[in-house]
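Below: the structure, in structure tokens.
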Amino acid sequence: MYCIPTLQDIPELSKDVLKSAVLYAQNNVPRKTYLVLASFCGAAVIGYLWVQQKWKYWERKGVPGPKPSFKDIGNTRSTFRDHGTQLGKDFPMDAVGIYIFGVTPALVIRDPVIWKEVCVKKFHNFTTGGRTSANYLFGKISPDFLTVAEGPKWKRLRSTIAPFFSGNNLKEICLIINDLFEYFDEKFIPENDETDVNAKDFASNFSLRAILASGFAINAKENEELAEDLYKHASILFEVDWKQATKSMMLPKWLRFKLNVTSYPHSTDVFFRNIISDIIENGKKNGKKNLITLMAENIIDESEELTASKGFTKGEILAQALIFQFAGQDTTANVLSFFLFALSHKPELQDEIRGLLEETDLSYDGLKKVKFLDACIKETQRYFTFLFFLREADEDCEVAGVKVEKGSSVMFLPKTVHRNPDYYPNPDAFDPHRFDNNESNTLQDDYWFGFGIGPRACPAVRWAFVAIKIFIANVLVKYDVLPGENAPAMDEVNALFRGAKVTTNKPMPIRFRKRS
Ligand code: HEM
């Protein structure tokens, strides 16, 4: 129990000091300062009471959950720190009430079957991942992003994008990524096999270039200057100034759009607008397939925005080009870096993959046959789970026996399934063979959530598998991957969320040794 000290509790000397301080303040501090101080204290008390009231939400509903605190920003830090592992141990029920990002109530679903129901059967109740202020960091273009769009607009964008990742298109894109590997190898894989490379930085460098090469068909081997410019501007997109972003998130959405407050500089906006216009104009002529030219084949006029069932306006093409980088760069880099790190600890796994690669070439069709690589990607995403899922209720409904009110969130932390012996025997062992005969099942798997599930699942899953397979296959043919100096063991590494990106609690140094 807390108690407020009385004057009697204060020793004589301190009383004298206190009296002198009050006297000094009375004589020297202007009246205005008192008023400001009093208002500040008043606002703090009102804020404190408001937060305490908000934190009664789950208690009022009778839903169990951990106690929130200011230090924990509700229950945010403790939940994300271990991806809900401790939460699951403390509250082993189907649904648990927590507060994320401060005071937002979120119902954490622990049963994968119930989560699947939310994403698929109850999709009409949960059509978005949430309508938070952070969705609009990119300014007035943000509502055009596939990740943010809603209703018929989202359906139109999504159904137009889906065929881009067909086998035929991926075959061409595969050639671009194979070319990119050659360039990347020359520039970024150190000659010296005793040089440590940070797996995440290394993978981020490749994944952004691979998305840009596929998206814009700009081949670094042919046009290095333009490719590097593109890389520079795309990297700027990720250098979100969070102080600036937090300030802009405080402005109402309409004002942000009116002033077009974005998290990246105007020059980057202009660069992308110009390059996309150029590709739309010239892409048709040079016939090279890339995501922009594919979108440009489906161009519609702004007047058709509300009526068309397929196609993009010019503005929407720019939006998708940016969101592909944002949604795809860090995610792909995470899987790639964890995969490389796992390989560095498992030379026998490298040999097994090499053995399979000897029987094929590194083309799209060739790699398609190496299903074990798909299994390795799935196992990497299971073992090093780094994602969580959110859905916002569009109307009042019921989930896991709890009434979920319109506007509130439901959440799923897949690590609680991925590392759970009820679903995966011996879950702490890294064993890609657990996916034998189930290598390519990625969006329907009952207990694997690497790319989400249901209509909002990742549209680029096939691209991601192809890009990762090409990269790993090329690396393993040429190099042995080794752990760097003081590399942590695999089970010492955990994914952590930092702003819009994922990092790890410990760096993952690796090395490359050229094979003879
Ligand atoms: C290994 C790499 C990737 C992983 C692990 C990944 C994972 C995911 C996940 C988990 C979701 C959300 C699913 C949900 O909420 O249920 C998602 C959505 C999305 N991803 Fe990916 N992704 C990857 C690569 C990419 C790439 C390369 C692109 C673009 C070229 C991309 C574009 C998107 C988009 C646009 C959405 C939003 C879809 C919508 O709201 O309709 N992703 N991704």
Side-chain angles (χ1 to χ4, degrees), residues 109 112 115-116 118-120 122-123 126-131 135 138 142-151 153-162 164-165 169-170 173 177 203-204 206-216 234 290-292 294-295 312 316 319-339 374 376-378 380-382 384-392 409-415 418 442-445 448-472 495 502:
I109 306 299
W115 181 251
K116 202 169 182 183
V118 167
C119 294
V120 182
K122 292 190 171 153
F123 178 69
F126 294 96
T127 58
T128 74
R131 302 173 175 93
N135 282 353
F138 282 71
S142 313
D144 286 345
F145 292 154
L146 183 63
T147 43
V148 177
E150 294 187 37
K153 183 192 186 93
W154 168 77
K155 258 193 193 153
R156 168 168 59 80
L157 298 177
R158 178 101 196 184
S159 61
T160 321
I161 284 171
F164 293 1
F165 301 103
N169 290 337
L170 285 178
I173 287 172
I177 302 179
S204 297
F206 178 78
S207 72
L208 184 53
R209 286 171 198 279
I211 294 172
L212 294 171
S214 317
F216 298 84
N290 60 65
L291 297 178
I292 309 287
L294 286 168
M295 286 196 263
F312 311 89
E316 287 168 349
Q320 305 329 308
L322 297 188
I323 204 61
F324 281 176
Q325 295 164 46
F326 215 75
Q329 191 264 347
D330 199 51
T331 43
T332 308
N334 289 324
V335 181
L336 204 48
S337 60
F338 287 130
F339 193 175
D374 298 65
C376 290
I377 296 174
K378 282 180 87 171
T380 300
Q381 283 180 270
R382 184 199 70 81
F384 295 102
T385 303
F386 60 87
L387 291 163
F388 70 96
F389 301 108
L390 269 181
R391 290 290 184 272
E392 184 179 311
S409 296
V410 287
M411 185 175 168
F412 183 64
L413 295 145
K415 188 167 181 182
H418 286 172
T442 49
L443 298 179
Q444 284 85 37
D445 235 332
W448 187 83
F449 297 90
F451 289 84
I453 217 140
R456 280 268 177 187
C458 183
V461 51
R462 297 186 69 198
W463 180 92
F465 268 75
V466 166
I468 294 169
K469 282 173 86 170
I470 296 176
F471 186 79
I472 296 289
V502 169

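Read the numbers this way: they start at 1 and go in the same order the structure lists the ligands and their atoms. All values reported here derive from a predicted model rather than from experimental measurement.
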Quiz prompt | Any residue meeting side chain to side chain donor-acceptor pair (under 3.5 Å) with Glu150, in chain and number order, not counting sequence neighbours | solution = Arg131
Quiz item: So, do Phe138 and Phe326 have ring centers that fall under 6.0 Å from each other?
Solution: yes
Quiz item: With sequence neighbours left out, what residues match Arg156 under salt bridge (Lys or Arg N to Asp or Glu O under 4.0 Å)?
Solution: Glu316
Quiz item: What residues sit with at least one heavy atom under 4.0 Å from ligand 1?
Solution: Leu146, Thr147, Trp154, Arg158, Phe324, Ala327, Gly328, Thr331, Thr332, Val335, Gln381, Leu387, Phe389, Arg391, Gly450, Phe451, Gly452, Ile453, Arg456, Ala457, Cys458, Pro459, Ala460, Trp463, Ala464
Quiz prompt | Residues forming a side-chain contact (heavy atoms from CB on, under 4.5 Å) with Thr385, sequence neighbours excluded | solution = Pro414, Lys415, His418
Quiz item: Is the distance between the ring centroids of Phe451 and Phe465 less than 6.0 Å?
Solution: yes
Practice problem: Give a yes or no on this: more than 12 heavy atoms of other residues, nucleotides or ligands lie within 6.0 Å of atom NZ of Lys155. | Solution: no
